[in-house]
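Hydrogens, waters and symmetry mates play no part in the numbers below; they use all other heavy atoms, side chains included.
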Amino acid sequence: MTQTARLPVVLMWHMHQPQYRDALTGQYVLPWTYLHAIKDYTDMAAHLEAAPSARAVVNFTPVLIEQLEEIAARIVEHLESGGALPDPVLALLGPAPVPEAATERLELLRACLRAQRKTMIERFPAYLELADLAATFATAERIGYASDQFMHDLAVWYHLAWLGETVRRSDPLVAALVAQGHAFTQANRRDLLALIGRLVGSVIPRFRALSEAGQCELSLTPYGHPILPLLIDFAAARQAQPTAPLPQHGPYPGGAERAAWHMREGIRVFTAAFGQKPVGCWPSEGAISQETLELIEKFGFRWTASSTNVLRASLLLSSEPSRSFDDRDFNRPYRLDNASLSCFFREDELSDLIGFSYASWRGDDAAANLVQELAARARRLDGAPGHVVLIALDGENAWEHYPFNGYFFLSALYAALATHPALELTTLSQCTARALVPATLARVVAGSWVHGTLATWMGDTAKNAAWDLLCAAKRAFDSTSFEGDAGRAERSAAERQLGLCESSDWFWWFGDYNPADAVMQFDHLYRRQLVNLYRLLKLAPPESLSHPLCVGHGAPEHGGAMRRATAG
């Protein structure tokens with residue numbers, strides 16, 4: 001195969017965390033945004049920086065951008081003037097005393113054990129010793145035996161375990177703290193807190209620099225990470241599942257307008273952070289429909305992407321039911337009739353190998369296997385023009401299941417793909433710029449990268465009840481009058497809060513396939529978001545928001561941080 005006939009390969013990493021800040025207290029209920037920042041976003045930037053010939057697409061949700069900027073600013077404010085830290089787990093590194101109340105103390109102790117046992121706790125003997133001892137204190141009756149020094153040491157080790165592997169291998173402070181092992185002082189904790197602040201604050205600038213250097217393409221998800229097909233039309237849920245139960249309310253009031261607002265606001269936040277407008281849009285959860293593709297094109301995007309599962313169902317609409325499909329059908333861009341937007345579809349099999357299988361392999365063996373799989377596809381396509389393989393998944397959740405945070409896998413993968421004679425590591429904008437001729441897609445079956453359906457966000461009793469609460473809140477928003485300059489500011493604040501309530505994550509977490517503790521946390525946080533919306537509208541929140549949607553629902557908690565059941 002000649003150099004010009006190399007098969008284009010695109011790695012797309014989706015960076016997303018929902019809004020974890022309690023809308024009423026201003027404090028973060030869950031620490032995952034800053035923890036993924038110091039571990040995964042930091043490592044993902046470092047791997048690209050270490051491989052100048054590598055290329056990738058990195059997708060950011062605006063709601064994540066805002067959280068990163070806020071958390072970094074609040075850590076700086078704390079270090080400079082003593083301002084309150086934004087998260088109770090992070091606050092264990094500060095000078096404030098550990099809460100005395102047994103309930104709070106127990107909650108913090110349990111929070112400092114939310115790490116993968118095998119890859120993040122057992123790796124460090126000192127952390128393992130503390131974790132085993134903590135298990136004996138983890139009841140309301142015994143929590144009083146956990147001293148303040150014990151809680152501080154546990155918190156230091158929790159944060160050390162969550163640091164990125166590239167940080168662990170390069171920062172002398174981390175090496176010194178690991179060697180010290182215990183009896184961490186307030187000065188030790190302050191030094192670690194300052195490092196965390198620098199890491200969180202560096203995420204956006206590092207990826208901006210990588211983009212400006214031409215190493216990565218930055219793309220966008222609409223502002224609050226909504227499921228656009230459902231926001232536009234609840235009936236989209238029935239395109240892939242004709243008998244799916246729908247919410248009592250329907251359709252979502254003014255859904256098309258709200259979808260457009262998420263596009264506009266997302267572009268604004270992204271452009272302010274990265275100094276450029278995005279040309280690619282990864283719709284939340286890869287969820288598309290005919291109307292969604294038309295909306296994305298309307299906002300000037302040149303490419304978007306979804307899942308092979310969605311493509312397969314869409315191709316079947318205009319094919320014989322018995323027809324089989326192969327690499328030539330899937331690994332290429334498509335366009336709707338009379339459209340200019342190119343839609344790429346991720347290679348689900350290869351993407352899921354990274355997300356769910358390779359964590360148990362040796363890193364270099366896993367990378368070699370993936371490269372072999374890609375080379376096999378290159379041989380089958382045999383230089384046919386117009387093809388590209390897209391591998392897309394979350395850029396954060398898989399790595400805590402990998403030894404060393406995926407360090408050896410990612411290093412080997414970038415090195416192998418950057419120099420492979422049959423494969424060309426590139427970006428989706430570069431693919432569209434070289435005029436890969438998209439095939440025509442007559443119609444689209446609405447779906448996502450989760451099994452090709454929208455069932456993860458609608459159809460379950462609790463999910464539909466959550467939509468009904470949102471519909472009622474949206475009607476309250478629509479009936480509120482905003483007058484004068486003060487009214488415009490009030491409307492803007494309420495509209496942004498509504499955008500957070502429209503996030504896909506609230507509906508994703510409802511369901512008995514998720515850990516019960518996580519379901520309860522997201523249930524509570526979602527209802528708090530809605531309560532805040534009513535307060536911004538100067539209306540009394542309905543009494544229904546006082547009651548959990550998922551009483552008795554949820555799977556047993558298996559330990560460790562929450563992991564998405566899909567790649568996004």
Side-chain angles (χ1 to χ4, degrees), residues 28 31-32 34-39 42 71-72 74-102 104-117 119-138 142-201 400 404-405 560-561:
Y28 280 75
W32 308 127
Y34 83 82
L35 291 177
H36 282 298
I38 66 176
K39 185 170 80 70
T42 293
I71 291 170
R74 289 180 67 175
I75 293 175
V76 169
E77 181 185 0
H78 168 81
L79 293 171
E80 292 181 349
S81 59
L85 287 164
D87 182 283
V89 179
L90 189 65
L92 287 172
L93 300 180
V98 181
E100 291 186 5
E104 292 180 70
R105 208 176 184 93
L106 182 58
E107 187 174 336
L108 287 170
L109 181 139
R110 289 173 174 167
C112 289
L113 300 176
R114 288 178 185 151
Q116 288 299 320
R117 175 100 181 167
T119 59
M120 300 173 70
I121 296 179
E122 292 180 357
R123 179 182 178 185
F124 304 104
Y127 187 19
L128 177 60
E129 181 180 6
L130 290 174
D132 287 344
L133 188 56
T136 70
F137 297 151
R142 292 174 175 267
I143 187 61
Y145 292 106
S147 68
D148 283 7
Q149 184 64 58
F150 178 85
M151 295 292 290
H152 285 311
D153 283 4
L154 185 63
V156 168
W157 270 109
Y158 179 65
H159 288 94
L160 288 175
W162 270 91
L163 285 173
E165 188 66 19
T166 59
V167 180
R168 196 182 319 286
R169 290 167 178 265
S170 62
D171 194 287
L173 170 65
V174 177
L177 292 175
V178 169
Q180 180 175 329
H182 65 284
F184 298 111
T185 65
Q186 183 176 326
N188 293 148
R189 302 197 311 270
R190 182 181 175 87
D191 288 343
L192 179 56
L193 182 61
L195 172 61
I196 289 171
R198 291 195 299 273
L199 292 174
V200 175
E400 66 201 69
F404 307 102
N405 206 42

Visitor: With a 4.5 Å heavy-atom cut-off, do Val167 and Lys39 have their side chains touching?
Guide: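 A side-chain contact under 4.5 Å is absent here.
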
Visitor: Using modelled atom types and a 3.5 Å cut-off, is there a donor and acceptor pairing between side-chain atoms of Arg117 and backbone atoms of Glu122?
Guide: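 Pair absent, no side-chain N/O of Arg117 close to backbone of Glu122.
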
Visitor: Are His159 and Tyr34, when compared by the centres of their aromatic rings, separated by less than 6.0 Å?
Guide: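 Centroid distance His159-Tyr34: below 6.0 Å, so yes.
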
Visitor: When you compare the side chains of Asn405 and Glu400, does any donor N or O come within less than 3.5 Å of an acceptor on the partner?
Guide: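 Absent: no donor and acceptor within the cut-off.
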
Visitor: Going by heavy atoms in the side chains, are Thr119 and Phe404 under 4.5 Å from each other?
Guide: no

Visitor: Hey, are Arg110 and Glu107 close enough for a salt bridge, meaning a charged N less than 4.0 Å from a carboxylate O?
Guide: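 No, this pair does not count.
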
Visitor: Going by heavy atoms in the side chains, are Gln116 and Ile121 under 4.5 Å from each other?
Guide: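 No, every pair of side-chain atoms sits at 4.5 Å or beyond.
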
Visitor: Do Phe124 and Leu160 touch side chain to side chain, with heavy atoms closer than 4.5 Å?
Guide: no

Visitor: Ignoring hydrogens and angles, tell me if any N or O in the side chain of Asp153 forms a donor-acceptor pair with the backbone of His182 under 3.5 Å.
Guide: no

Visitor: Taking Ile75's backbone N and O only, do any of them form a donor-acceptor pair with Glu80's side chain (distance below 3.5 Å, no angle check)?
Guide: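 It does not hold such a pair.
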
Visitor: Is there side-chain contact between Leu193 and Leu85, with heavy atoms separated by less than 4.5 Å?
Guide: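 Counting from C-beta outward, Leu193 and Leu85 do come under 4.5 Å.
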
Visitor: Kindly state whether the ring of Tyr158 and the ring of Tyr127 have centres lying under 6.0 angstrom apart.
Guide: no

Visitor: Please determine whether the number of non-hydrogen atoms from other residues, nucleotides or ligands lying under 6.0 Å from atom CZ of Arg169 exceeds 12.
Guide: yes

Visitor: If you count the non-hydrogen atoms of other residues, nucleotides and ligands that lie under 6.0 Å from CD in Glu129, is the total more than 12?
Guide: no

Visitor: Kindly say whether the aromatic ring centers of Trp157 and Trp162 come within a distance under 6.0 Å.
Guide: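 They do not qualify: ring centres at least 6.0 Å apart.
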
Visitor: Within the side chain of Arg190, is there an N or O that forms a donor-acceptor pair under 3.5 Å with the backbone of Leu93?
Guide: no

Visitor: Are Leu90 and Pro31 close enough that some pair of their side-chain heavy atoms sits under 4.5 Å apart?
Guide: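 Not in contact.
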
Visitor: Can a salt bridge be assigned to the pair Arg105 and Glu100 using a cut-off of 4.0 Å between side-chain N and carboxylate O?
Guide: no

